[in-house]
Peer 1: 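Here's a structure for you.
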Amino acid sequence: MSIVVLVVLGLVQGLCEFLPISSSGHLVLLSRVFGVEDSLFVSIILHVATLLSLVVVMRKEIFYCIRHPFSKQSMSIVIATIFTCIVAIILMPFITASFEGAMLPVAFFASAVLLMLSQKLSKQGGEINYKRAGIIGLAQGLAIFPGLSRSGTTIASGLLAGGDREECAKFSFLISLPIILGSLLLEIVKISTSGESISVNWVGLALSFIVAFIVGVLTIKYMLKLTQKLNFKYFAIYLILIVIVSAIVIWY
């Protein structure tokens, strides 16, 4: 991959990982547009960058959970993660095929509909209880498919379950931590067992890492600061445009 392509991928990863528009879907789409194959190694590096972004911005919440492993917040994260893993295991046979991108426009459209529903039907709600944590965890499991935004799906499901906007956003970011870590471990195992040789533009990869990290930090801060004022309708409209673009790129 060229430096330009790697930097663009880093920008998209940092931006879309925490906005409700699906980073994996955009990366699959861009791979088609640029005519490059997905690289597990590049994916690992970019995920590490956004993982560090999350740790930097939400370090207080993360350290609180570490110091208080049996607190309500910590147990809610555990419950959500368990439900996510159950759904992911059940859907595992379909996951690999989904990254070929054939159903990408459909997944983008589903994300748009979910965001619109959450904008129209959600009301000012309460804290994240165990029931809402389970629902959000189930939603995160479904969002493993590219095109279904992880942050969008989890926040929207939390809102539809009666959760508070700010609480849902914070919880969405927190429960991404164990999932990103788990995904990284799986990708590392895949690359170590596949015997794939690592051939990459190291300068471009370093720049891509820095871009993904910085943009990730800014995006998380933006989402947490403006969650109460955000209108998901605009993200839904954007996703509808991406549905059209992805349909043209993939189906025609």
Peer 1: State yes or no: do Val211 and Leu27 share one hydrophobic cluster built from I, L, V, M, F, W and Y residues joined by side-chain heavy-atom distances below 4.5 Å, directly or via other members?
Peer 2: yes

Peer 1: In plain terms, say whether Glu167 and Arg132 are close enough for a salt bridge, that is, a side-chain N and a carboxylate O under 4.0 Å apart.
Peer 2: no

Peer 1: Enter the distance from Ser208:OG to Trp202:CH2 here, rounded to the nearest 0.5 Å.
Peer 2: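 If I round to the nearest 0.5 Å, the distance is 12.5 Å.
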
Peer 1: With a 4.5 Å limit on heavy-atom distance, are the side chains of Lys233 and Leu115 in contact?
Peer 2: no

Peer 1: Just how far is it from atom CZ of Phe173 to atom CD1 of Ile62, taken to the nearest 0.5 Å?
Peer 2: 12.0 Å

Peer 1: Say you draw a straight line from CZ of Phe235 to OG of Ser151; how long is it, rounded to the nearest 0.5 Å?
Peer 2: 8.5 Å

Peer 1: Can you check whether Phe209 and His47 have ring centres sitting under 6.0 Å from each other?
Peer 2: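 No, the ring of Phe209 stays outside the 6.0 Å limit from the ring of His47, centre to centre.
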
Peer 1: Considering non-hydrogen atoms only, spot the tightest contact between Ser149 and Ala143 and give its length.
Peer 2: O-CB, 3.8 Å

Peer 1: State, to 0.1 Å, how close Ser24 and Gly147 come at their nearest heavy-atom pair, and which atoms those are.
Peer 2: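 Closest heavy-atom pair between Ser24 and Gly147: OG-N, 4.0 Å.
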
Peer 1: Taking the side chain as C-beta and beyond, is there a heavy-atom pair between His26 and Ile242 under 4.5 Å?
Peer 2: yes

Peer 1: Applying side-chain contact (heavy atoms from CB on, under 4.5 Å) to Ile135 and Phe83, what does each step give before you reach the verdict?
Peer 2: CA-CA 8 Å; Ile135 292 173; Phe83 275 94; over 6 Å; no

Peer 1: Rounded to the nearest 0.5 Å, what separates atom CD1 in Ile79 from atom CD1 in Ile136?
Peer 2: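 Here the rounded value is 11.5 Å.
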
Peer 1: With a 3.5 Å cut-off and no angle check, do the side chains of Ser157 and Thr154 form a donor-acceptor pair?
Peer 2: no

Peer 1: For the residue pair Ala110 and Leu148, what are the closest heavy atoms and their distance?
Peer 2: CB-CD2, 3.9 Å

Peer 1: State, to 0.1 Å, how close Ala212 and Ala49 come at their nearest heavy-atom pair, and which atoms those are.
Peer 2: CB-CB, 3.7 Å

Peer 1: Within a radius of less than 6.0 Å around OH of Tyr130, do more than 12 heavy atoms belonging to other residues, nucleotides or ligands occur?
Peer 2: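 Yes - once you tally the heavy atoms of other residues, nucleotides and ligands closer than 6.0 Å, there are more than 12.
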
Peer 1: Please find the pair of heavy atoms, one from Ile240 and one from Ala112, that lie closest to each other, and give the distance.
Peer 2: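 Looking at all heavy atoms of both residues, the closest pair is CD1-CB, 3.8 Å.
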
Peer 1: Could you walk me through whether Phe145 and Leu104 satisfy the side-chain contact (heavy atoms from CB on, under 4.5 Å) test, starting with their C-alpha distance in whole Å, then the side-chain angles of each, then the deciding distance to 0.1 Å, before giving a yes or no?
Peer 2: CA-CA 9 Å; Phe145 292 103; Leu104 197 57; over 6 Å; no

Peer 1: Linking I/L/V/M/F/W/Y whenever their side-chain heavy atoms sit closer than 4.5 Å, directly or via other members, would Ile237 and Met116 fall into one cluster?
Peer 2: no

Peer 1: Check whether Ser53 reaches the backbone of Phe213 with its side chain - one donor and one acceptor, N or O, closer than 3.5 Å.
Peer 2: yes

Peer 1: Please examine the side chains of Ser2 and Asn201, heavy atoms only from C-beta on, and report whether any two atoms are closer than 4.5 Å.
Peer 2: no

Peer 1: Is there a path from Leu226 to Met58 through hydrophobic residues (I, L, V, M, F, W, Y) whose side chains come within less than 4.5 Å of each other?
Peer 2: yes

Peer 1: Report yes if some heavy atom in the side chain of Val245 is under 4.5 Å from a heavy atom in the side chain of Leu241; otherwise report no.
Peer 2: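 Val245 vs Leu241: side chains apart.
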
Peer 1: Within a strict 4.5 Å, meaning less than it, do heavy atoms of the Glu17 and Ile220 side chains meet?
Peer 2: no

Peer 1: For a side-chain contact (heavy atoms from CB on, under 4.5 Å) check, start with the C-alpha distance between Leu91 and Val87, then their side-chain angles and the critical distance, and finish with the verdict.
Peer 2: CA-CA 6 Å; Leu91 297 177; Val87 174; 3.6 Å; yes

Peer 1: What's the shortest heavy-atom distance between Ile175 and Ser172, and which atoms?
Peer 2: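 Shortest heavy-atom contact: CG1-O, 3.3 Å.
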
Peer 1: Roughly how far apart are Gln13 CD and Leu11 CG, rounded to 0.5 Å?
Peer 2: 10.5 Å

Peer 1: Would you mind reporting whether Arg165 and Leu230 have side-chain heavy atoms less than 4.5 Å apart?
Peer 2: yes

Peer 1: Between Pro20 and Met223, is any pair of side-chain heavy atoms under 4.5 Å apart?
Peer 2: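 Yes, their side chains come closer than 4.5 Å.
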
Peer 1: So, using side chain to side chain donor-acceptor pair (under 3.5 Å) as the criterion, who are the partners of Gln73 when residues are at least two apart?
Peer 2: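 So Gln73 forms no side chain to side chain donor-acceptor pair (under 3.5 Å) with any residue.
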
Peer 1: Nearest 0.5 Å, what's the OG1-CD1 distance between Thr227 and Ile155?
Peer 2: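 Answer for the OG1-CD1 pair, Thr227 versus Ile155, is 6.5 Å.
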
Peer 1: Do Leu177 and Val55 come within less than 4.5 Å of each other through their side chains, counting heavy atoms only?
Peer 2: yes

Peer 1: Decide yes or no on side chain to side chain donor-acceptor pair (under 3.5 Å) for Ser74 and Ser71, but give the supporting numbers first.
Peer 2: CA-CA 5 Å; Ser74 299; Ser71 66; 3.0 Å; yes

Peer 1: Once side-chain contact (heavy atoms from CB on, under 4.5 Å) is applied, do any residues pair with Ile214, and if so which ones, sequence neighbours excluded?
Peer 2: Ile210, Leu218

Peer 1: Under 4.5 Å between side-chain heavy atoms, counting indirect links through other Ile/Leu/Val/Met/Phe/Trp/Tyr residues: same cluster for Val4 and Leu9 or not?
Peer 2: yes

Peer 1: For the side chain of Trp251 and the backbone of Met103, is there at least one donor-acceptor N/O pair under 3.5 Å apart?
Peer 2: no

Peer 1: Could you check whether any side-chain N or O of Ser118 sits under 3.5 Å from a backbone N or O of Ala156, counting only pairs where one atom can act as donor and the other as acceptor?
Peer 2: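 Looks like no, no N/O pair under 3.5 Å.
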
Peer 1: Verify side-chain contact (heavy atoms from CB on, under 4.5 Å) between Gln140 and Ile179, making sure each step is shown before the conclusion.
Peer 2: CA-CA 9 Å; Gln140 182 171 243; Ile179 297 306; 3.2 Å; yes

Peer 1: If hydrophobic clusters are built by linking Ile, Leu, Val, Met, Phe, Trp and Tyr wherever their side-chain heavy atoms come under 4.5 Å apart, do Tyr234 and Leu239 end up in the same one?
Peer 2: no

